[in-house]
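Here is the structure we will look at.
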Amino acid sequence: MTGNLTVIGLGPGNPDQTTPEARAAIEAASEFFGYGPYLDRLALAPDKKRHASDNREELARARAALEMAASGRSVAVVSGGDAGVFAMAAAICEAIEQGPATWREIDFSVVPGITAMLAVAARAGAPLGHDFCAISLSDNLKPWEVIEARLRAASGAGFVLAFYNPISRARPWQLGRAFEILRETLPEATPVIFGRAVGRTDERMAVATLGDARPDQADMATCVIVGSAETRVIVRKGRAPLVYSPRSTGRPAR
Ligand code: SAH
């Protein structure tokens, strides 16, 4: 008997930003895999079984979940934000591709969630109002040279950039280097948004310019959005500034 496996995006942290579809999928599953703090957020009923793991064991976790689904169980794998954005859905697809043929018979589905950059952008105004791209600054799964090439290409083409995994204790210099590269082509006044733990009780928002942005304004719970040359800031009395990228654009930044 073959069971089912659903990968569920829980949203950035605010329970109101977990979709009804995700809630229904949580209700339907009986075995839960994921990073411990995400499982804690679910407050699971006692008849549901937790398989908590470290955030870095993604492929091993994917295989364990697939094995359990193949044995006939109803399995959920949870991710923060969206399950397909730098998260477990891709790890599970990798495991299915490499794994035994029986894993392809598992009833597999992905339930989307609100990804961090959308939650951060909504807090700041509309910085993703025109073309943008998302880049993970982690060089655990790709060489740093690839990241540098992508930063140059994307900023040179006029995209707004959303950085995931901007900095950590093991990766302390990458964000500073990314700012240096962007300063070569983008104006100093380009807005930089630091959105930390958005939707959670320890949320913190800050807006800087590329000229004065510092890597220590971010931590591993921060999504950093760097504007394009077109991105604007509206200063408001007694309120946080509004950052937005107009819907129309002229020439790409060079
Ligand atoms: N699947 C997740 C991303 C996982 S990668 C999603 O779609 O959001 C982990 C990175 O996501 C963190 O380093 C941070 O850059 C970002 N992130 C996750 N939750 C966040 C939140 N609540 N606020 C700001 N950034 C967040």
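Bear in mind the structure is a predicted one, so any value in this text is a computation, not a measurement. No hydrogens, no waters, no symmetry mates; every other heavy atom, side chains included, goes into these values. Counting from 1, the numbers follow the sequence of the chain as shown. Both counts, for ligands and for their atoms, begin at 1 and track the order of listing.
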Separation of Asp131 CG from Thr249 OG1 (nearest 0.5 Å): 8.0 Å
Exceeds 12 heavy-atom contacts within 6.0 angstrom, atom [atom1] of [X]:
X: Arg183; atom1: CZ; value: yes
X: Arg236; atom1: CZ; value: yes
X: Arg204; atom1: CZ; value: no
X: Ile234; atom1: CD1; value: yes
X: Met220; atom1: CE; value: no

Counting only heavy atoms closer than 4.0 Å, does ligand 1 sit against the backbone of [X], its side chain, both, or neither?
X: Val224; value: neither
X: Met117; value: neither
X: Ala221; value: backbone
X: Ser136; value: neither

Charged N-O contact under 4.0 Å between Arg152 and Glu148: yes
Sub-4.0 Å atoms of ligand 1 with respect to non-hydrogen atoms of [X]:
X: Pro166; result: 13 (O), 15 (O)
X: Ala87; result: 1 (N)
X: Ala197; result: 21 (C), 22 (N), 23 (N), 24 (C)
X: Gly195; result: 24 (C), 25 (N)
X: Pro12; result: 22 (N)

Examine ligand 1 and decide if any of its atoms is less than 4.0 Å from a heavy atom belonging to [X].
X: Ser79; result: no
X: Gly13; result: no
X: Gly199; result: no

Nearest to [atom], what protein heavy atom do you find, and at what distance?
atom: atom 12 (C) of ligand 1; answer: Met220 O, 3.1 Å
atom: atom 15 (O) of ligand 1; answer: Thr222 O, 2.7 Å
atom: atom 21 (C) of ligand 1; answer: Val198 N, 3.5 Å
atom: atom 17 (N) of ligand 1; answer: Ala116 CB, 3.4 Å
atom: atom 7 (O) of ligand 1; answer: Thr115 OG1, 2.6 Å
atom: atom 9 (C) of ligand 1; answer: Asn165 OD1, 3.3 Å
atom: atom 3 (C) of ligand 1; answer: Val85 O, 3.5 Å
atom: atom 2 (C) of ligand 1; answer: Gly80 O, 3.2 Å

Test side-chain hydrogen bond (donor to acceptor under 3.5 Å, both in side chains) applied to Glu31 and Arg50, His51, Lys49, Lys48, the passing residue: His51
Side-chain (Arg171) to main-chain (Asn165) donor-acceptor, under 3.5 angstrom: yes
Thr231 (side chain) donor-acceptor with Ser245 (main chain) under 3.5 angstrom: no
What about [X] and [Y], same hydrophobic cluster or not, with Ile/Leu/Val/Met/Phe/Trp/Tyr joined at side-chain heavy-atom distances under 4.5 Å?
X: Leu151; Y: Leu128; value: no
X: Phe194; Y: Phe163; value: yes
X: Leu5; Y: Val111; value: no

Of the listed options Tyr164, Phe86, Tyr38, Tyr35, closest to atom 11 (O) of ligand 1 (non-hydrogen atoms): Tyr164
